[in-house]
Q: 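Below you will find the structure I want to go over with you.
Everything numeric in this text was worked out from a predicted model, so none of it was measured. Side-chain atoms are counted along with the backbone in the values below, which use heavy atoms only and exclude waters and symmetry mates.
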Amino acid sequence: LEEDMMHAYVGTRDETQRRAFAQTIGGADPIIAQLRQMGDRDNQLRTGQAAEAYHAYTATLTTLLDGDRDPATLEAEKQQCEFAAAAVRQLVSASLADERQATRTYNQGVDSDSRHLRIAATAALSVCLGLLVLCTIVLVGYQRRVERQAAANKHEALHGGLTGLA
């Protein structure tokens, strides 16, 4: 926004544009102050570097705003402002690229862990199903043996020598 307002002011050199331009200078300071308090040490360092570049940029903008109204001087100061803005953009872009790479690396680790957990869950499920089948086979075997023993005992009770029911 500041850069757009600078171009509008330099293009028109209108007092209304000048006042609007003056109001935009330093508009990112509250955001930068919040960002300085967030993140880890590396993020705070990068935010500090971007803040320094931004303050250099705003100082250049202030010089342009307060400077001589000669068109050649204004054009030279405008170019300095554009270079300062480019420096800020480069720092932010580099920081974003680093963050994207860190996020990509983290996500790859999460994906790898997820694959390992899926494999472990599949193995655990397979073992549980195997144990269920084994327990079912053992229980059915015991049930049949108990039923055979009960039938044998019933037969023995009905046809035994002690009962007199031959």
Side-chain angles (χ1 to χ4, degrees), residues 1-8 20-62 78-166:
L1 180 63
E2 293 159 329
E3 192 171 7
D4 293 337
M5 294 303 289
M6 173 195 64
H7 286 291
F21 175 40
Q23 289 177 348
T24 62
I25 295 176
D29 281 334
I31 296 168
I32 291 173
Q34 283 182 333
L35 289 175
R36 280 187 159 190
Q37 297 172 359
M38 301 163 89
D40 60 11
R41 186 178 176 100
D42 190 43
N43 287 338
Q44 290 173 349
L45 177 66
R46 283 193 211 127
T47 303
Q49 291 169 340
E52 289 173 18
Y54 178 73
H55 289 299
Y57 172 56
T58 57
T60 309
L61 290 175
T62 304
K78 178 182 144 192
Q79 286 181 349
Q80 286 178 337
C81 290
E82 288 172 349
F83 290 141
V88 172
R89 279 192 298 271
Q90 281 181 326
L91 282 170
V92 171
S93 293
S95 179
L96 288 173
D98 289 345
E99 287 296 320
R100 271 194 300 272
Q101 180 59 36
T103 302
R104 189 177 302 118
T105 301
Y106 175 78
N107 287 341
Q108 287 171 347
V110 169
D111 288 344
S112 175
D113 291 347
S114 294
R115 275 192 301 279
H116 291 120
L117 286 173
R118 278 194 303 272
I119 290 168
T122 302
L125 179 64
S126 299
V127 167
C128 287
L129 288 175
L131 288 173
L132 179 65
V133 168
L134 179 65
C135 288
T136 301
I137 290 170
V138 168
L139 286 174
V140 168
Y142 279 127
Q143 181 182 2
R144 287 182 182 161
R145 190 177 322 153
V146 166
E147 287 172 353
R148 278 194 305 267
Q149 186 65 41
N153 287 344
K154 183 178 180 180
H155 183 273
E156 189 69 33
L158 294 175
H159 301 92
L162 296 175
T163 61
L165 301 170

Q: Decide yes or no for His55 and Glu52: does some side-chain heavy atom of the first lie under 4.5 Å from some side-chain heavy atom of the second?
A: no
Q: Has Ser112 got a side-chain atom pairing as donor or acceptor with Gln108's backbone, closer than 3.5 angstrom?
A: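 No: the side chain of Ser112 does not pair with the backbone of Gln108.
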Q: Among Glu147, Gln143, Arg148, which residue satisfies the side chain to side chain contact (heavy atoms under 4.5 Å, CB included) criterion with Arg145?
A: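 Looking at Glu147, Gln143, Arg148, the match for Arg145 under the side chain to side chain contact (heavy atoms under 4.5 Å, CB included) is Arg148.
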Q: How many angstroms lie between atom CD of Gln149 and atom CD of Glu156, to the nearest 0.5 angstrom?
A: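 Gln149 CD to Glu156 CD: 10.0 Å, rounded to 0.5 Å.
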Q: To the nearest 0.5 Å, tell me how far Asp113 CG sits from Arg118 CZ.
A: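 Rounded to the nearest 0.5 Å, the CG-CZ separation comes to 11.0 Å.
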Q: Would a 4.5 Å heavy-atom cut-off, applied to side chains only, mark Leu129 and Leu125 as touching?
A: yes
